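Read through the structure below, which is laid out as structure tokens, and then see the notes.
Below, chain A is the first sequence line, B the second, and so on; all start at residue 1. Quick caveat: nothing in here was measured; it's all calculated off a predicted structure.
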2 protein chains.
Amino acid sequence: MTEKDIFVDYLKQQGLKFTKQREEILNFFLKEEKHLSPEEMFDILRKKRLPLKIGRATVYRTLKLLSECGLAEKVDFGDGLNRKVITLFEHKFAHPHHDHLICLSCGKSFEFSNPEIEKLQENVARGHQFKVAYHRLKIYGYCKKCQSTKK
Amino acid sequence: MTEKDIFVDYLKQQGLKFTKQREEILNFFLKEEKHLSPEEMFDILRKKRLPLKIGRATVYRTLKLLSECGLAEKVDFGDGLNRKVITLFEHKFAHPHHDHLICLSCGKSFEFSNPEIEKLQENVARGHQFKVAYHRLKIYGYCKKCQSTKK
DNA sequence: ATTGATATTGAGATTTAATCTCAATAATAA
DNA sequence: TTATTATTGAGATTAAATCTCAATATCAAT
């Protein structure tokens with residue numbers, strides 16, 4: 001069951017069509033290892049001068065579909081203070097859940113997962129009779145590199 | 001040391017002026033117990049038909065100042081998925097740090113704090129040689145009320 | 001392969017929160 | 001009172017994301 005199969009199946013199941021644009025965007029997303037924003041993806045796909053044109057709206061629409069079928073995950077890497085929105089898409093297929101350390105200096109993010117924290121979150125929610133759907137934990141600060149270079 | 005003192009002192013220390021608009025916005029912010037967005041505050045302050053006009057930019061600018069001096073805290077209550085930005089300002093003066101449970105149905109938020117989680121976060125950061133500035137933990141789901149009414 | 005029903009597309013308009021610009025005005029210290 | 005300098009509000013601008021809609025592509029059924 002490849003990522004493409006998952007996408008195609010999802011589309012069929014929803015009565016949607018597997019178009020050239022959607023395939024192109026899927027492939028591009030899959031082979032990029034860096035986290036990219038929709039705007040960056042749009043720019044790059046445009047510069048490629050493919051035989052087919054890909055519009056901004058199609059990029060956004062397709063990323064939404066990829067998220068719906070579990071291949072991608074939208075993550076906001078803004079610093080939570082300045083309303084600078086930094087939306088990036090991560091690979092989700094065969095990538096277990098994780099949270100992020102986000103460097104306020106270079107913007108890089110570092111993944112981590114901690115089952116103990118997750119368990120405590122469950123306890124907190126239970127105490128409030130709150131039914132958890134998902135969570136986001138972001139730790140902002142300065143990465144190792146930026147601590148040393150920042151004289 | 002009242003909130004007003006803190007604000008006035010901060011302004012003086014920064015070489016800024018304590019204006020009627022800033023005083024009005026401070027007072028309004030302090031007496032509101034509900035979390036309000038800058039736009040809501042702007043609308044309400046406008047409807048008040050005060051002897052002085054208050055512009056949108058002044059509301060935003062003043063909220064930034066209140067955050068800088070530790071009286072307010074900007075929190076993004078968007079669901080982290082749909083890029084609906086919901087920026088609200090909380091009281092921070094004499095309000096200890098806390099995180100949030102956010103209801104995806106009614107939008108209400110519930111505060112909690114958990115020292116154990118915080119401690120584990122410190123451990124995670126230490127493991128990455130990451131210097132923590134602050135963090136945000138948001139647990140999204142459905143509150144007690146919305147679970148029962150949602151048939 | 002052809003057809004027909006329907007989903008998709010891209011260009012450009014629109015939305016929305018937030019910020020910026022700038023000339024007029026207000027606050028402060030001397 | 002005055003001079004200096006910060007502040008103000010109106011409206012323009014920004015930027016990410018979404019929407020509109022006529023033209024087009026997809027795909028199942030023939």
Side-chain angles (χ1 to χ4, degrees), chain A residues 7-26 35-43 45-68 72 74-89, chain B residues 7-26 35-43 45-68 72 74-89:
Chain A
F7 191 37
V8 172
D9 286 0
Y10 176 74
L11 293 174
K12 185 159 288 174
Q13 170 212 322
Q14 298 288 314
L16 304 176
K17 291 163 180 174
F18 186 60
T19 65
K20 291 186 173 49
Q21 285 88 343
R22 285 174 180 168
E23 183 165 22
E24 190 67 43
I25 293 167
L26 170 68
H35 297 159
L36 294 180
S37 70
E39 292 294 323
E40 286 171 325
M41 292 192 202
F42 171 64
D43 289 344
L45 286 167
R46 261 310 165 78
K47 280 192 199 116
K48 281 189 165 186
R49 295 247 161 249
L50 300 166
L52 77 163
K53 272 203 166 182
I54 294 184
R56 165 179 283 107
T58 300
V59 173
Y60 278 92
R61 287 184 288 227
T62 303
L63 286 170
K64 182 175 273 183
L65 290 171
L66 292 176
S67 300
E68 284 165 13
K74 191 191 244 182
V75 182
D76 175 10
F77 284 100
D79 68 9
L81 293 179
N82 306 302
R83 184 61 28 246
K84 183 79 184 245
V85 173
I86 303 175
T87 298
L88 305 180
F89 280 81
Chain B
F7 191 38
V8 171
D9 286 1
Y10 177 74
L11 292 174
K12 185 159 289 173
Q13 169 214 320
Q14 297 288 315
L16 305 176
K17 290 164 182 173
F18 185 60
T19 65
K20 291 186 174 50
Q21 285 87 343
R22 286 175 179 168
E23 182 164 21
E24 190 67 42
I25 293 168
L26 169 68
H35 298 158
L36 294 180
S37 70
E39 292 294 324
E40 287 172 324
M41 291 193 203
F42 171 64
D43 289 344
L45 286 166
R46 261 312 165 76
K47 282 193 198 116
K48 281 190 164 186
R49 295 247 160 250
L50 300 164
L52 77 163
K53 272 203 168 183
I54 294 184
R56 164 178 285 108
T58 300
V59 173
Y60 278 91
R61 288 185 286 228
T62 303
L63 286 170
K64 182 173 273 182
L65 291 170
L66 292 176
S67 300
E68 284 165 15
K74 193 191 244 184
V75 182
D76 176 8
F77 283 100
D79 66 11
L81 294 178
N82 305 301
R83 184 62 28 244
K84 184 77 184 246
V85 174
I86 302 176
T87 299
L88 304 179
F89 280 82

Kindly say if [X] contacts the phosphate of [N], meaning a side-chain N or O under 4.0 Å from OP1 or OP2.
{"X": "B:S37", "N": "C:dA17", "result": "no"}
{"X": "A:R46", "N": "C:dA11", "result": "yes"}
{"X": "B:Y60", "N": "C:dA18", "result": "yes"}
{"X": "B:K64", "N": "C:dA18", "result": "no"}
{"X": "B:T87", "N": "C:dA18", "result": "yes"}

Notebook entry, point to check: Can you list the residues that meet the side-chain contact (heavy atoms from CB on, under 4.5 Å) rule with B:Y60, with sequence neighbours excluded?
Noted result: B:P38, B:E39, B:R56
Could you tell me how far apart [X] ([atom1]) and [N] ([atom2]) are, to the nearest whole angstrom?
{"X": "A:D43", "N": "D:dA15", "atom1": "CG", "atom2": "P", "value": "13 Å"}
{"X": "A:L52", "N": "D:dA23", "atom1": "CG", "atom2": "C1'", "value": "16 Å"}
{"X": "B:E39", "N": "C:dT19", "atom1": "CD", "atom2": "P", "value": "10 Å"}
{"X": "A:E23", "N": "D:dC27", "atom1": "CD", "atom2": "C1'", "value": "15 Å"}
{"X": "B:R56", "N": "D:dT14", "atom1": "CZ", "atom2": "P", "value": "17 Å"}
{"X": "A:K53", "N": "C:dT9", "atom1": "NZ", "atom2": "C1'", "value": "12 Å"}
{"X": "A:L63", "N": "D:dA17", "atom1": "CG", "atom2": "P", "value": "10 Å"}
{"X": "A:E24", "N": "D:dT26", "atom1": "CD", "atom2": "P", "value": "13 Å"}

Next item on the list: Output the distance between atom CG (A:L52) and atom CD (A:Q21), rounded to the nearest 0.5 Å.
Entry: 4.5 Å
Notebook entry, point to check: What distance do A:M41 atom CE and A:L63 atom CG have between them, rounded to the nearest 0.5 Å?
Noted result: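 A:M41 atom CE to A:L63 atom CG measures 5.0 Å (nearest 0.5 Å).
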Checklist line | Nearest listed nucleotide, side chain of B:P38, among C:dA29, D:dG9, C:dA18 | finding: C:dA18
Next item on the list: From the options D:dA10, D:dG9, C:dA18, select the nucleotide whose nearest atom is closest to the side chain of B:I54.
Entry: D:dG9
Checklist line | Partners passing salt bridge (Lys or Arg N to Asp or Glu O under 4.0 Å) against B:E23 (at least two apart in sequence or in another chain) | finding: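 So B:E23 forms a salt bridge (Lys or Arg N to Asp or Glu O under 4.0 Å) with B:K4.
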Next item on the list: Would you give a per-nucleotide map of nucleotides 1-8 of chain C, 5' to 3', where B means the base has a protein non-hydrogen atom under 4.0 Å away, S means only the sugar-phosphate does, and - means neither?
Entry: -----BSS
Check: Who are the side-chain hydrogen bond (donor to acceptor under 3.5 Å, both in side chains) partners of A:R61, not counting sequence neighbours?
Finding: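 By the side-chain hydrogen bond (donor to acceptor under 3.5 Å, both in side chains) rule, A:R61 matches A:T58.
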Note to self: The criterion is side-chain hydrogen bond (donor to acceptor under 3.5 Å, both in side chains); which residues satisfy it with B:S67, sequence neighbours excluded?
What the structure shows: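 Listed in chain order: nothing, the list is empty.
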Margin query: My understanding is that only residues two or more places apart in sequence, or in another chain, count here; which of them pass ring pair (Phe, Tyr, Trp, His ring centres under 6.0 Å) with B:F77?
Written below: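 B:F77 satisfies ring pair (Phe, Tyr, Trp, His ring centres under 6.0 Å) with B:H35, B:H100 once adjacent residues are dropped.
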